[in-house]
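A quick write-up on the structure given underneath.
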Amino acid sequence: MLRINRENLRNSHEGPWLLLDLTMLGLLLLNLLFLLFDGLYGTAFVQDTLSTWSPTFVSFYEPIHRNFILVDLIFITIFLSEFFLRWAVAIKRKEHLRWYFFPFLRWYDLVGCIPLGGTRIFRFLRIFSILYRLHKHQIIDLNQTALYRFIAFYYDVFVEELSDRIVVKVLSDAQQDIAAGSPLIEDITQNVLAPRRPVISNWLSSMVNHFGQSINDSKHGDVIRRHVKDSVGKAVRDNAQVSTLSYVPVVGKTIENTLESAVTDIVTASIVNLLADLEAKDIEEFFAHGLKDFTVAEENLEDEFLLVVNECIEAIKGHVSQQRWKSHLIEKQQQKQANKATNIVDDTDVKAP
């Protein structure tokens with residue numbers, strides 16, 4: 001039920017304007033009821049019925065009906081006066097970037113004041129505008145009304161159904177393009193990655209250089225250096241030619257250990273120098289000349305990638321097509337049934353002897 005928060009109304013700095021809104025809301029409702037009654041009075045059935053039950057009222061209202069446009073002009077004059085008053089205040093407060101923005105934003109007020117049957121319907125929008133301002137200043141709370149919840153629910157249903165179908169249509173068109181042999185990978189390479197290749201090269205170069213410096217660092221790179229030395233040392237020891245050095249009398253084992261240590265240090269230093277000295281121009285040259293010729297395996301990988309993209313789009317379509325509003329409605333119905341069952345159990349417990 002719609003309730004007016006009198007405390008917020010009293011404390012609001014916009015009190016006079018909010019009272020004006022309430023007054024205009026009452027006049028709008030009166031005007032719309034008057035329009036509805038006069039429209040019904042124009043039918044032969046209503047006139048005959050009123051003539052039978054209240055001839056006095058018919059004789060009183062008939063002149064008003066014939067001059068209804070003049071009576072409606074009284075309401076129109078009040079509505080236009082309120083409109084121009086708010087426009088002047090908006091200009092004084094500089095509520096908009098341009099002084100003439102106000103009538104464009106409140107176009108429905110002007111259209112609703114045109115005394116024609118088709119334009120009077122826009123006066124309903126004026127009611128919604130007033131209710132929104134009252135809700136904005138917390139004079140009323142539209143969220144607590146059943147009508148608002150009803151409209152909000154079906155608005156969400158409409159938006160969800162419409163947006164889901166649009167998204168599914170767009171994704172389906174993308175799948176058709178991919179299935180028709182759309183050069184997706186080539187487009188990504190030429191139009192997306194190629195213009196950013198210098199930036200990517202600089203980034204990769206800085207990352208590789210930083211990695212090389214980290215390996216060479218006495219504190220942070222010890223783990224990687226030790227891993228490299230263990231791997232290279234194992235490879236040297238497992239080498240058949242090097243292992244024969246151990247058979248040399250007296251100095252064989254020493255030569256083997258020295259050779260293992262030297263090779264390990266050389267490999268580690270080579271890796272560090274390679275990473276630390278790699279420049280962006282080297283990576284750029286690799287991108288420019290090293291990624292030209294594709295093998296059969298790479299072409300198969302491209303086809304597989306397109307299949308992955310297609311399956312991902314299909315999965316997205318499946319999730320988008322789910323009607324979440326139905327799930328929400330089912331949950332609410334189940335909750336109501338559970339509450340009803342709980343109340344029945346409670347009543348049984350109370351009535352039990």
Side-chain angles (χ1 to χ4, degrees), residues 1-6 9-10 12 14-93 95-96 99-137 139-142 145-148 150-151:
M1 181 178 181
L2 187 63
R3 296 179 180 178
I4 298 177
N5 192 320
R6 293 183 176 83
L9 181 61
R10 288 193 298 267
S12 176
E14 299 288 328
W17 295 106
L18 296 175
L19 289 176
L20 178 61
D21 280 336
L22 291 174
T23 303
M24 296 304 298
L25 181 61
L27 287 174
L28 275 169
L29 293 175
L30 178 63
N31 178 242
L32 292 173
L33 290 174
F34 188 44
L35 289 171
L36 177 63
F37 175 77
D38 189 76
L40 293 174
Y41 182 83
T43 62
F45 173 77
V46 173
Q47 286 188 10
D48 294 341
T49 303
L50 290 176
S51 298
T52 303
W53 291 94
S54 180
T56 305
F57 177 80
V58 172
S59 60
F60 164 76
Y61 189 75
E62 185 62 28
I64 298 177
H65 176 68
R66 290 197 302 268
N67 299 281
F68 177 77
I69 187 67
L70 298 178
V71 179
D72 192 41
L73 283 176
I74 298 176
F75 289 97
I76 292 174
T77 303
I78 297 174
F79 296 153
L80 285 177
S81 299
E82 186 259 352
F83 176 84
F84 286 112
L85 175 63
R86 288 188 180 275
W87 189 2
V89 173
I91 294 174
K92 183 178 180 180
R93 293 180 176 180
E95 295 179 357
H96 308 290
W99 64 272
Y100 51 82
F101 280 9
F102 184 83
F104 287 100
L105 298 174
R106 301 279 294 275
W107 60 270
Y108 47 85
D109 286 350
L110 290 177
V111 175
C113 289
I114 299 175
L116 297 176
T119 58
R120 287 168 178 156
I121 191 65
F122 287 98
R123 297 181 192 180
F124 278 104
L125 298 181
R126 191 184 184 99
I127 293 178
F128 297 140
S129 175
I130 293 174
L131 290 176
Y132 172 75
R133 286 198 296 271
L134 293 173
H135 176 78
K136 180 181 178 181
H137 291 90
I139 306 302
I140 61 176
D141 189 2
L142 295 176
T145 60
L147 179 62
Y148 175 84
F150 176 82
I151 295 175

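What you see below is based on every heavy atom in this structure, not just the backbone, and it leaves out hydrogens, waters and symmetry mates.
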Only counting residues at least two apart or in another chain, list the ones meeting side chain to side chain contact (heavy atoms under 4.5 Å, CB included) with [X].
X: Thr49; result: Phe45, Trp53
X: Ser54; result: Phe57
X: Tyr100; result: Arg98, Phe104
X: Ile121; result: Phe124

- Task: Show the numbers, then the answer: is there a side-chain contact (heavy atoms from CB on, under 4.5 Å) between Phe75 and Leu28?
- Result: CA-CA 8 Å; Phe75 289 97; Leu28 275 169; over 6 Å; no

Who are the ring pair (Phe, Tyr, Trp, His ring centres under 6.0 Å) partners of [X], not counting sequence neighbours?
X: Phe34; result: Phe68
X: Phe150; result: Tyr154
X: Phe83; result: Phe102
X: Phe128; result: none

- Message: What I'd like to find out is whether the side chain of Leu25 reaches to under 4.5 Å of the side chain of Leu131, using heavy atoms alone.
- Response: yes

- Message: So Glu82 and Thr23, do their side chains get closer than 4.5 Å, heavy atoms only?
- Response: no

Enter the distance from [X]:[atom1] to [Y]:[atom2] here, rounded to the nearest 0.5 Å.
X: Ile127; Y: Leu29; atom1: CD1; atom2: CG; answer: 5.0 Å
X: Leu125; Y: Ile130; atom1: CG; atom2: CD1; answer: 11.5 Å
X: Leu40; Y: Leu35; atom1: CG; atom2: CG; answer: 11.0 Å

- Task: Take Asp109 and Phe122 through the test side-chain contact (heavy atoms from CB on, under 4.5 Å) and record every step on the way to the result.
- Result: CA-CA 7 Å; Asp109 286 350; Phe122 287 98; over 6 Å; no

- Query: Pick one: which of Val111, Leu110, Leu105 meets side chain to side chain contact (heavy atoms under 4.5 Å, CB included) with Trp107?
  - Reply: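 Passing option: Val111.
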
Do any pairs count as a salt bridge (charged side-chain N to carboxylate O under 4.0 Å, His left out) and have a residue in [range], sequence neighbours left out, and if so which ones?
range: residues 65-74; result: Glu62-Arg66, Asp72-Arg120, Asp72-Arg123
range: residues 42-51; result: none
range: residues 18-45; result: Asp21-Arg86, Asp21-Arg133

[X] versus [Y], closest heavy-atom pair with distance:
X: Pro115; Y: Ile76; value: CB-CD1, 3.8 Å
X: Leu80; Y: Cys113; value: CD2-SG, 3.8 Å
X: Gly42; Y: Gln47; value: CA-NE2, 4.1 Å

Under the 3.5 angstrom rule, does the side chain of [X] hit a backbone N or O of [Y] as a donor-acceptor pair?
X: Trp87; Y: Trp99; result: yes
X: Ser81; Y: Thr77; result: yes
X: Thr119; Y: Ile114; result: yes

- Task: Name all residues meeting the side chain to side chain donor-acceptor pair (under 3.5 Å) criterion together with Asn67; count only those two or more places apart in sequence or in a different chain, and write none if there are none.
- Result: none

- Query: Are more than 12 heavy atoms from other residues, nucleotides or ligands located less than 6.0 Å from atom CZ of Phe101?
  - Reply: yes

